[in-house]
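Working notes, beginning with the structure itself.
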Amino acid sequence: MNEKSSMRTATRLVANNTLEIADGISLPVPQAIQATTVLFDSPSRMLPIARDSLDLTSTGRHAGFYYGGVGTPTTQALAASLSALEGGESCALFPSGQAAIHAATAVLAQPGTALLVSDSVTYTTRWLFDQVLARQGVRVQYFHPLRLDVLARMISAPGVAAVFMESPGSMFFEVQDVRAISGLCRSHGVASILDNTWAGSVLFDGFATGEVDVVVLSLSKYHGAPCGVSGGAIITREQDHHMKFRNFGALIGATLTSDAASRIAAGLPNLPLRMQRMADGADHILATILGHFGTIDILRPCAALCSPDSLWQRDFSGANSLMTLRLDGVCLPSMQAAIERFRVVRHGYGWGGDVSLVNLVQPNLWRDFPFGGRDDAYLRLYVGMEDPLDIADDVLRVLSSVLQPRA
Ligand SMILES: *Cc1c(COP(=O)(O)O)cnc(C)c1O
């Protein structure tokens with residue numbers, strides 16, 4: 001994307017994360033430049049008000065700014081950093097991951113067409129597709145995240161507009177063959193969209209390994225959660241796609257504020273370091289649990305400690321700090337009572353920040369293709385920035401109240 005793109009991630013994150021304030025003079029942290037009104041020295045420099053005004057903002061002297069909500073130097077700086085990080089060409093910013101997913105799918109899947117969705121998507125994505133897109137006439141069809149043969153049949157049906165992947169999947173972390181799926185999409189003239197949030201812009205390069213058209217991100221997790229900021233992004237390689245997403249956001253007024261963009265940008269250079277620290281913590285907790293209880297089922301696409309997943313090894317440079325525990329033989333009421341006892345790990349939704357979290361979840365209740373039994377309950381654990389020894393103590397203490405240690 002620019003001359004610095006051959007550098008390694010950590011270097012790129014620092015080098016690109018600047019805001020030019022005058023020709024040749026820049027700041028190392030993109031400060032929030034707030035604006036609603038943008039002033040021009042002559043009316044001839046202003047955009048004409050016409051149906052295609054938004055398209056004109058992408059070209060020539062109208063590039064960039066004409067009205068604060070649509071783009072500021074701060075949001076442009078964050079967009080540039082994110083698209084470089086994800087290996088794309090352009091990035092459109094949104095106030096949440098949900099808004100980004102909505103824009104990507106609403107633009108690519110028109111009413112009357114079909115949107116094929118991996119069954120492993122997070123529940124909020126499913127709510128959006130079922131309760132908004134489906135009601136607007138998009139045929140939303142779920143596919144088993146690992147059944148390429150089934151997807152190949154579904155994609156051959158008439159009217160398929162786009163395929164939506166999330167890999168590793170929410171809750172069970174199924175690793176999809178993003179390269180094969182996006183290749184299948186390309187050969188059928190169908191758009192491919194990947195929710196790459198799990199990887200935190202660090203662990204998986206959706207564009208390099210596949211032929212993915214569009215990467216969507218929730219910035220409310222590893223990127224923004226440490227400073228309490230929500231955001232979303234759509235990264236693309238095609239300018240044509242990019243303009244449609246950006247214009248969709250502008251038309252419905254779904255834009256990211258400069259303040260939010262500045263806070264997210266300020267945290268970017270530390271993102272790989274934080275993720276590494278939390279992944280190390282998760283490794284430690286996982287090893288502690290396995291050492292103590294032996295047979296417990298822990299789901300995390302991590303070759304070091306779980307069963308190696310060749311796709312994960314092929315595509316990912318590491319694991320994040322989420323894991324799901326299946327406690328066989330423990331009934332729901334005792335699990336509900338047990339999780340009350342967590343002290344270091346807290347109860348809450350919205351992972352990605354400093355605080356470790358635990359949730360009792362029953363994902364099979366809402367999935368089309370259950371991973372295990374319909375009613376099975378799982379603990380989803382997010383490892384944050386506390387000392388891993390303290391988190392491990394907390395987890396062991398709680399699990400010991402419902403499980404026997406190994407013989
Ligand atoms: C959180 C999340 C979303 C939704 O993002 P928001 O910013 O909370 O709207 C989408 N996809 C994945 C994988 C997520 O984890």
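Nothing fancy with the numbering, it's 1 onward along the sequence. Just so you know, ligand 1 is whichever comes first in the structure, and atom 1 is the first atom listed for that ligand.
Listed by chain and residue number, E86, L194, A199, F204, V215, L217 satisfy the side chain to side chain contact (heavy atoms under 4.5 Å, CB included) test with N196 (two or more places apart in sequence, or in another chain).
In terms of polar-atom proximity, defined here as any N/O pair under 3.5 Å, S220 does make such a contact with ligand 1.
At a 4.0 Å cut-off, at least one heavy atom of I101 sits close enough to ligand 1 to count as contact. Distances from ligand 1 to the non-hydrogen atoms of W198 include no value under 4.0 Å. Proximity of A99 to ligand 1 is not established, as no heavy-atom distance is less than 4.0 Å.
Each of I391, V398, D393 was compared with V395 under the side chain to side chain contact (heavy atoms under 4.5 Å, CB included) criterion, and only I391 meets it.
In this structure, the protein non-hydrogen atom closest to atom 12 (C) of ligand 1 is D195 OD2, 3.4 Å. At the shortest separation from atom 5 (O) of ligand 1 among protein heavy atoms lies S218 OG, 3.0 Å.
The environment of CD in Q131 is crowded: more than 12 heavy-atom neighbours from other residues, nucleotides or ligands sit within 6.0 Å.
Taking the six-membered ring for Trp and thresholds of 30 and 60 degrees, F342 and H347 have ring planes more than 60 degrees apart, a perpendicular arrangement.
Of all the listed residues (E166, Q98, K221), K221 holds the heavy atom that lies closest to atom 15 (O) of ligand 1.
Under the 6.0 Å cut-off for aromatic ring centres, Y378 and F172 qualify, their centroids lying closer than that.
The nearest pair of heavy atoms linking N320 to L203 is N-CD1, 3.6 Å.
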